[in-house]
Amino acid sequence: MSDTASVSLALREKAERRRSRLLTLPAVLVITIFGILPLLVIVAFSFMSPGAYGGVEPPFTLEAYVSFLFSRDIFDDTLTFTPDYVLIYLRSLTFALGTTFVCLLLGFPTAYFMVTRPVESRKWWLLLVTIPFWSNLLIRTYAIMFIIRDEGLINNTLIGMGLINQPIVMLYTNFSIVLGLFYSFLPFMVLPLYSSLEKLDFRLVEAGYDLYATRSRVLWRIIVPMAKPGIVAGCLLVFIPTIGAYVTPLILGGGTHLMVGDLIAQQFGSSRNWPLGAAQAIILMAGVLVALFFYVRTTSEAKLHG
Amino acid sequence: MAKDRSTDMRYQPGFGPLAMICLAVLYAPILVLVAFAFNANASVAQWTGFSTKWFATALFNESFHAAALNTMLISVSATIIATMAATAAALGTTRVKAWRGQTAAFMTINLPLMVPEIITAVSALSFFALLGQVFNINLGIGNLILAHSVFCIPFAYMPIRARLEDMDFTLDQAAADLYATPWMTFRRVTLPLLMPGIASGIALAFIVSFDDFTITQLVAGPGQTTLPIYIWTQVRRPITPELNAMCTILLSISILFISLSVLIGQKRR
Amino acid sequence: MTVLESRQGLEIHHVGKVFSQPGRPDFRALDDVSIRIRPNEFFTLLGPSGCGKTTLLRMIAGFEHPSEGEIRLDGADISVKAPYERPVNTVFQSYALFPHLTVEDNISFGLEMLRRPKASIDETVTRMLALVRMTEMRNRKIQQISGGQQQRVALARALAPHPKLLLLDEPLSALDLKLRKEMQIELKRLQHETGITFIFVTHDQEEALTMSDRIAVMSAGRVQQIGSPRDIYDRPANRFAASFIGETNFVTVKLLTVSATSGELELPGGTVIHAGVPDGVKFSPGKATIVVRPEHAELVGAGAGNLAGTVTNIVYFGTDTHYHLRLKDESSFIVRRQNRHGLSFGPAIGDEVGVLIGEGVAQLVED
């Protein structure tokens, strides 16, 4: 090929790459300026002092992180370990893990059942699970509140049937929060499981039976291991929004059973301690990053061995 | 179930009933909520008869109107910004010669999906507070539109990119072979074939913006009440079937868009 | 031949192509390929998958660009021209018809891009539809017509702009046998009627032999032989060309003397015969290989002929019968006999037989 020809070819490829860059630029700019930059802003805020009416003020300090673990005596300035915030984080973690587990328990059989349906009815099942996935979380949470209230459908029915005299208090308890989380994020478990089970090669299941495996052995030794990528993805999709849940404890916890999400929002609201809220948000983000790291490692391992 | 279970290789005992329970769990609360929107009585505890009067009350409620107007302004603007940015980004990152920074760009676009909503919310609040106090920039409702655009972009990007990836690249080559310049190939072949993906992206971006509560609640200034925020203020008061009627209206809009998106996705795959 | 004439047609001049991907060793798809295709020729690139024939076709179309060498069309270098800048159209293996357009809009697409006047477009589309016998399907959607009909639309679409070259990338591979035979005849007719140069890519040797004016046999990124179907079948240049096209016997012989056109050689049994020499290949006396097509050898009684062997298998094909022999030097040899009435001599498995290789039947080949 002549030199001028190869030069014009190189120029065309360069122009093509530049066009790709330019096309991607607006999306990257919007997210960088209004999504990533704000994350850096709260990192900076977490090292500042609270302003009197919200916001932050200059002196740079580690006070926010210190007060996450300790309370400072107003008279002699001594620090005492105060586990209040840590306990809220631990509670959120427990709720998130518990919710993830229950979602998996119900979500896996559902997803499996869906992929074993004929193609036509599979479409309908998929639509029926997809609708709650995208539906308004606030309204779905309100729906839960609506039926478990003291005057809600459940208590009214039980009283009407004469089974109880006093309403069973369900709202504003740990139970109501976990129920709400489970209800909110169940579709987030079913959908990734579904798409992973859909790719499952059922000839392997037949091979399992051919080799004298029982139904439960086929389930645990063949189907579950092959669905692992979907299980990991589903668990992550439930775990991340539940550990940072805000709406659910806000409506179903009644302000008494705090989770991390509400704790953070509170610092930016009534408590007017933005640096502390920022520090709490960063600690939560660190936890999420650990979970994401775990996810990336398992998926890349699966790719290596697959 | 007509099939003999013992010969169906894929059958697992108890999975069918569990799937039915799953569906019941997902739909029972919503159905109860919707049913009580049609309760004739002002009580939300006892069913007394069928009536649509609460829908009329809701639709003539001035505050509901104002909130709906705000919501439409924010959601439509954010959807337009996000879909345009996402379509361009999908074209710049799919089926192209690899360029330096492509992986980083891809991760940036998907980042909003990885960050818990509450963190996005407080960081957006902090960012706009900083803009307002230090740089004296206040975009008013523009703040909300921009904050929404950020998390709408990845949702619009996903179906558009998926559609592009599925698209037969030889069709573009065929167009080029038939004397179409890159621009004409895009206009006459790529774009028409991409339309279902874009429509799906529009639907998803609109839903997530329309339904957003957490980020809006923290970022919204006075007078910037959206429908979910309005619903929230009503949830904290003694509740009436009017609230259920409003919820039903919002749910219907969401379901309409979801179904559209799913149907477009299922067509011609 | 005048200078002007010599620059007509397509010249592929020492073209090479290397695909490099980060993290992987470079892959050489084409190596020093030179082909000259004359105007109005039905030219076929024949070879097994991975031989580089599709890469070469994609370079002529403009979807790939050569790493070395150049491609000239009627004298102009088109090596790095974009696909839309070349008067070349392609019929894709998958047809690549636009699914959102009708049959008519598919065919008129190229003409619209060339900004032909509306009336002329209409006229051409009508003519093309008639040419491929699809007039009634004008307003159908692409999904509403059969695979064979899609094939015809793809042809019409590529022919409509009247390109200098029509490239066909295994266009018949998706069709069933009967339709494929029909389309082979149809393609020949279209080429004849339009007077356009066809460059046809296939891995099917029979398709190549029946349709082409000339064939380039390719393997491992190189051209093994270029010639008419008859040339390639009767006078294969090397072992690959001989074995890829048709069935062939290879016999190791001792070459005694050799000229540019003929060689004298000694067969394993000791008899001396003459064999043809393919164009442009040099041989030197010593160990050599000849090819003998199974239908060119004759089965004779034991002791007669110029090779001796034992029948190991007999396969009956209806029109003819294949006799598998083991020669004295343990190599195998196949003789094909047409089944005619009154064949007096019919050996059975295990029989000793002789093989007669007549004068002018054997061909020397490069190893």
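First the proteins, then the strands, lettered A, B, ... as listed; each starts at 1. Heavy-atom basis, side chains included; hydrogens, waters and symmetry copies ignored.
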Original post:
For the residue pair Phe34(A) and Phe128(B), does the interplanar ring angle fall in the parallel (under 30°), tilted (30 to 60°) or perpendicular (over 60°) class?
Top reply: parallel
**OP:** Considering only heavy atoms and a distance below 4.5 Å, find which of Val25(B), Val96(B), Asp212(B) pairs most often with chain A.
**Re:** Val25(B)
**OP:** Pick one of side chain, backbone, both or neither for Pro17(B), based on which atoms fall under 4.5 Å of a heavy atom in chain A.
**Re:** neither
Original post:
What part of Leu292(A) lies closer than 4.5 angstrom to a heavy atom of chain B: side chain, backbone, both or neither?
Top reply: side chain
Original post:
Nearest heavy-atom pair of Ala265(A) and Ile118(B): which atoms, and what distance?
Top reply: CB-CD1, 4.0 Å
**OP:** Verify side-chain contact (heavy atoms from CB on, under 4.5 Å) between Ser123(B) and Phe45(A), making sure each step is shown before the conclusion.
**Re:** CA-CA 10 Å; Ser123(B) 55; Phe45(A) 276 20; over 6 Å; no
Original post:
Given the rule in the side-chain contact (heavy atoms from CB on, under 4.5 Å) test, do Ile131(A) and Val262(B) qualify, once you have shown the distances and angles that lead to the verdict?
Top reply: CA-CA 9 Å; Ile131(A) 286 174; Val262(B) 170; over 6 Å; no
Subject >> Side chain / backbone / both / neither for Leu138(A) at chain B, heavy atoms under 4.5 Å >> reply: side chain
Subject >> Among Ala86(B), Ala98(B), Ser149(B), residue most engaged with chain A (heavy-atom pairs, under 4.5 Å) >> reply: Ala98(B)
**OP:** Identify which part of Leu128(A) has an atom lying under 4.5 Å from any heavy atom of chain B, answering side chain, backbone, both or neither.
**Re:** both
**OP:** Examine whether an atom of Leu39(A) lies under 4.5 Å from a heavy atom of chain B, and if so say whether it belongs to the side chain, the backbone or both; otherwise answer neither.
**Re:** both
Subject >> Region of Tyr183(A) that comes under 4.5 Å of a non-hydrogen atom in chain B >> reply: both
Subject >> Proximal component of Val288(A), with respect to chain B [non-hydrogen, under 4.5 Å] >> reply: side chain
Original post:
Can you say whether Ile223(A) sits under 4.5 Å from chain B via the side chain, the backbone, both, or neither, judging by heavy atoms?
Top reply: side chain
Original post:
Hey, which of Pro29(B), Ala85(B), Pro116(B) has the most heavy atom pairs under 4.5 Å with chain A?
Top reply: Pro29(B)
**OP:** Let me know if Arg19(A) has heavy atoms under 4.5 Å from chain B in its side chain, its backbone, both or neither.
**Re:** side chain
**OP:** Verify side-chain contact (heavy atoms from CB on, under 4.5 Å) between Ile251(A) and Arg236(B), making sure each step is shown before the conclusion.
**Re:** CA-CA 8 Å; Ile251(A) 292 179; Arg236(B) 291 191 298 177; over 6 Å; no
Original post:
Where is the tightest heavy-atom contact between Val41(A) and Ser126(B), given as atom of each residue plus distance?
Top reply: CG1-CB, 3.9 Å
Original post:
Taking all non-hydrogen atoms of both residues, which atom of Cys247(B) and which atom of Tyr142(A) are closest, and how far apart?
Top reply: SG-CD2, 3.7 Å
Original post:
Which heavy atom in Met285(A) sits nearest to a heavy atom in Met114(B), and how many Å separate them?
Top reply: CE-O, 4.4 Å
**OP:** Would you please test Asn244(B) and Phe146(A) for side-chain contact (heavy atoms from CB on, under 4.5 Å) and show each step?
**Re:** CA-CA 9 Å; Asn244(B) 290 31; Phe146(A) 189 75; 3.3 Å; yes
Original post:
For Met145(A), is it the side chain, the backbone, both or neither that has a heavy atom under 4.5 Å from a heavy atom of chain B?
Top reply: side chain
Subject >> Flag, side chain of Arg21(A) to backbone of Trp99(B), donor-acceptor distance under 3.5 Å >> reply: no
Subject >> Portion of Trp134(A) that has a non-hydrogen atom of chain B nearer than 4.5 angstrom >> reply: both
Original post:
Is the number of heavy atoms from other residues, nucleotides or ligands under 6.0 Å of Arg217(A) CZ greater than 12?
Top reply: no
**OP:** Between chain A and each of Ile153(B), Leu31(B), Val122(B), count heavy-atom pairs under 4.5 Å; write down the option with the most.
**Re:** Val122(B)
Original post:
Any idea how Phe15(B) and Tyr112(A) line up, ring-wise: parallel (<30°), tilted (30 to 60°), or perpendicular (>60°)?
Top reply: perpendicular
Subject >> Non-hydrogen side-chain atoms of Ile119(B) and Ile42(A) separated by less than 4.5 Å >> reply: yes
Subject >> Heavy-atom proximity to chain B below 4.5 Å, by part of Phe182(A) >> reply: side chain
**OP:** Counting only heavy atoms closer than 4.5 Å, note whether Glu16(A) contacts chain B via side chain, backbone, both or neither.
**Re:** side chain
